[in-house]
Amino acid sequence: MTASLHMLLAALLKVGAVAMIFNEVRGLVLAAPVLYGMWASGGTAMAIWLGICALGGIALSVIVPLFAYRKLDNFVKSRAEPEPA
C-alpha cells in the first residue's frame with residue numbers, strides 16, 4: 001500500500017514538474033507585454049509602478065508553485081524511507 005502510494009505521488013510530482021516548466025514559459029510570455037508597455041509609455045512613474053506590480057504578480061505565480069513542489073517532494077521522500085523491521 002505504501003509503495004503504491006509512493007509511486008502515485010512520485011508520478012504526480014513528475015507531472016507537476018512538467019507543469020512548472022510550462023508555468024515558467026507562461027511567466028516569460030506574460031512579462032514581455034508588461035516590459036513593452038513600460039517602454040512605450042516613456043518610462044513614466046505610474047507605468048514603472050504598474051509594471052513592477054504586474055511583474056511581481058507574475059513572479060509570485062511562478063515562484064510559489066516552485067516552493068510548494070520542493071516541500072511536497074521532500075515530504076514524499078521522507079515518507080518513502082523503509083520502516084525498520
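Looking at residues two or more places apart in sequence or on another chain, you find a side-chain contact (heavy atoms from CB on, under 4.5 Å) between L35 and M38, L55. Every side-chain contact (heavy atoms from CB on, under 4.5 Å) that I52 has, sequence neighbours left out, goes to I48.
If you take CE on M46 and CG on L50, they are separated by 5.5 Å, rounding to the nearest 0.5 Å.
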